[in-house]
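What follows is a set of notes on a single structure, which appears directly below.
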2 protein chains.
Amino acid sequence: MARPTVQDVAKTAGVSVGTVSRVLNGSSAVSEAAKEKVNAAIRQLSYRPLASARDLRRDRTMRVLALAKNLDSLVISEVFRGVGDAAADSGYVSLIAATDGDLDREQQLVDMLRNGSVDGLVIFSPTMPDDDVNTVAEQLSVIQVCEIVDAEAAFGVSIDDRQAAYDITKHLMDTGAKKLAMLAHRGARSGRLREEGFRQALTEQGLEPDQILFGEGNFGFHAGRTLARKLLKAKDRPDAVFCGTDVVAAGCVRELTDAGLRVPQDIAVAGFDDSAQAEMCVPELTTVRQPAYEMGRVAFAELLDRMTVPGAHRQGRTFLAHELVIRDSTK
Amino acid sequence: MARPTVQDVAKTAGVSVGTVSRVLNGSSAVSEAAKEKVNAAIRQLSYRPLASARDLRRDRTMRVLALAKNLDSLVISEVFRGVGDAAADSGYVSLIAATDGDLDREQQLVDMLRNGSVDGLVIFSPTMPDDDVNTVAEQLSVIQVCEIVDAEAAFGVSIDDRQAAYDITKHLMDTGAKKLAMLAHRGARSGRLREEGFRQALTEQGLEPDQILFGEGNFGFHAGRTLARKLLKAKDRPDAVFCGTDVVAAGCVRELTDAGLRVPQDIAVAGFDDSAQAEMCVPELTTVRQPAYEMGRVAFAELLDRMTVPGAHRQGRTFLAHELVIRDSTK
DNA sequence: TTGAAAGCGCTAACAC
DNA sequence: GTGTTAGCGCTTTCAA
């Protein structure tokens, strides 16, 4: 048989569709007897309310969408786990999609917010220009998390990437580094802020940055190796390297170690993110911990605000505390 | 102003709603002039068709949902990337959700298929019993990928986990191992199959398995370390260890190395998955490569079949070829 | 407490 | 080639 509708349930239960709907939505004004009859009919027919019909009437979906370029980072999956849990607590379902850095794909997904497929949007790493993000956010419920541009109009939840980079660079200098290099991720908003923090810390100590290298495209383990190799080509090699992510730091450490250098004695290496790779590296990486799960929870909370409180499109910036994790890759 | 509707567009363009709808859906029978007027009105009003209304009428959503316990594995994100790309090629959007191993959460997400929020479902690692998966799949469009129970009624896309484990165990024996241990993941369907393949390879050579250890709960880097420590407690330690995943193998290698053993000279270690960690490990891991991206693509292709061809709920099992990747952690 | 009925925004069948 | 209209399945008034 075709999919049962409220009509079918009503007929089977011997009541009107109104009553069925009231039972479905937990309305108080239903007699015990009617409620039982309806529930029996629902079970008998394996009835489920059709989402599109319900959404159309109610004008909301109780769904949110979380967007990122890719899902292969532990920070992202932790953030989205936080979003998912917080969403579930409020009766929402959170869906995830990867844009793959493709603008068209991203547009299509953002359109899911515009066309009412979802009530809200969490954006991790937008491909579109910041202005476009802001335009969407002006009219609809959007929150950014982690990768947020450093502008006045910016809004969203993240750590203070610049400060965090500043702090870990400071740690490198406090433990004796004089000649500091960085493997930077200029392709990411957070990466650019981390580079700024790095530079700032050096400047304050009257130091000039040694080499600042950045890869094209993929900023991963192999990029770390490749960039580290370049680092070693210099006549005077640095005595410390700050890497934009743990995975790149792991690649860097690997290359240095293979070249016969000791980390941290000959050269100290610091990462960023405190992802699983930080502990898997030998030596284990000194890094910065982002409270990823918590950031996801907070991001959803702010999104909920925008979705439920009319005109609550406040352009606020929420910073969560980062934490220096000192391990064995620095002195 | 409130959200514009087809009515508004029609009024602005000076045509009827029928014509607007025809333009929206690329129907041929529209004059060039009308098409232009409509498109102009759409732009002017920033009109987007409301998804729920459209879905309700069309009785489909052009969306699929991909489910997994968690998203923190590279195999999963690659599989889902494949699903997403294949879906996009066919005009579908693929959404992802994590169940976190929570049965209620999973039910709620599977309900999205039952209530028409999505047209199809890709299941990676179900929490629900296999019978339940089969029941859903009998009536609706479902495909399993990777984690598929080894039963007659099973359906879905994966490698032959048992054979792959058999092959790598054979490799271990071919390179001299006589006393083989395994760190097995009994919590996963694939893990149980890999254990079977391991046992079978040994049996065929007239060998008995040495220790087979399996962790409770999380099967990750730390589990690998913990289990490796147990391995070393035995009076006669094994000369080879087959690990259910690369990450566990990485933990195992780390613990062995820290204990002063040389891998592979003193003890060989093999992983599974060829995930990024395999290359990041020192020594780099011998492992089995799963064609994750391709599996995702194939899974969507089969799902598309079920969604579009009536009664195409074929209970087929598709195996993709795995590949032994010999690196430095085995002799 | 219940039933009848309007209508959410859209598509497609039908008439012209 | 275009306009009119009947619903898709649901929720929610409004009366009774």
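Labels below follow one simple rule: chain letters A, B, ... track the order of the sequence lines, proteins then strands, and each chain is numbered from 1. Quick caveat: nothing in here was measured; it's all calculated off a predicted structure.
Within the structure, ring pair (Phe, Tyr, Trp, His ring centres under 6.0 Å) contacts touching residues 96-140 of chain A (residues at least two apart or in different chains) do not occur. Sorted by first and then second residue, the salt bridge (charged side-chain N to carboxylate O under 4.0 Å, His left out) pairs involving residues 125-135 of chain A (not counting sequence neighbours) are A/Asp130-A/Arg189. For the ring pair (Phe, Tyr, Trp, His ring centres under 6.0 Å) condition, no pair includes a residue of residues 20-54 of chain A, sequence neighbours left out. Every pair tested for salt bridge (charged side-chain N to carboxylate O under 4.0 Å, His left out) that includes a residue from residues 20-29 of chain B fails, sequence neighbours excluded, so the list is empty.
Every residue was checked against the salt bridge (Lys or Arg N to Asp or Glu O under 4.0 Å) condition with A/Arg192, not counting sequence neighbours, and none meets it. Scanning for salt bridge (Lys or Arg N to Asp or Glu O under 4.0 Å) contacts around A/Glu78 gives A/Arg81, with sequence neighbours left out. Judged as a side chain to side chain donor-acceptor pair (under 3.5 Å), and not counting sequence neighbours, B/Asn39 has no contacts.
The terminal axes of the helix from C/dT1-D/dA16 to C/dC16-D/dG1, fitted over 5 pairs per end, subtend an angle of 40° to the nearest 10°.
With contacts defined as side-chain heavy-atom distances shorter than 4.5 Å, the pair B/Leu24/B/Val6 qualifies.
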How would you summarise protein contacts on nucleotides 8-16 of chain D per nucleotide, using B for base, S for sugar-phosphate only and - for none, with heavy-atom distances below 4.0 Å? BBBBBB---
Show me the donor-acceptor pairs, under 3.5 Å and distance only, between side chains in residues 50-68 of chain B and residues at least two apart or in other chains.
from, atom 1, to, atom 2, distance (Å)
B/Asp55, OD2, B/Arg63, NH2, 2.5
B/Arg58, NH2, B/Asn25, OD1, 2.4
B/Thr61, OG1, B/Arg63, N, 3.1
B/Thr61, OG1, B/Asp119, N, 3.4
B/Thr61, OG1, B/Asp119, OD1, 2.9
B/Thr61, OG1, B/Asp119, OD2, 3.4
B/Arg63, NH1, B/Ser117, O, 3.0

Report all side-chain donor-acceptor pairs from residues 90-104 of chain A shorter than 3.5 Å, counting only partners two or more places apart or in another chain.
from, atom 1, to, atom 2, distance (Å)
A/Thr99, OG1, A/Gly101, N, 3.2
A/Asp102, OD1, A/Asp104, N, 2.8
A/Asp102, OD1, A/Arg105, N, 2.9

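The span of DNA chain C lying next to chain B, judged by atoms under 4.0 Å from heavy atoms, is bounded 5' to 3' by C/dG9 to C/dA13.
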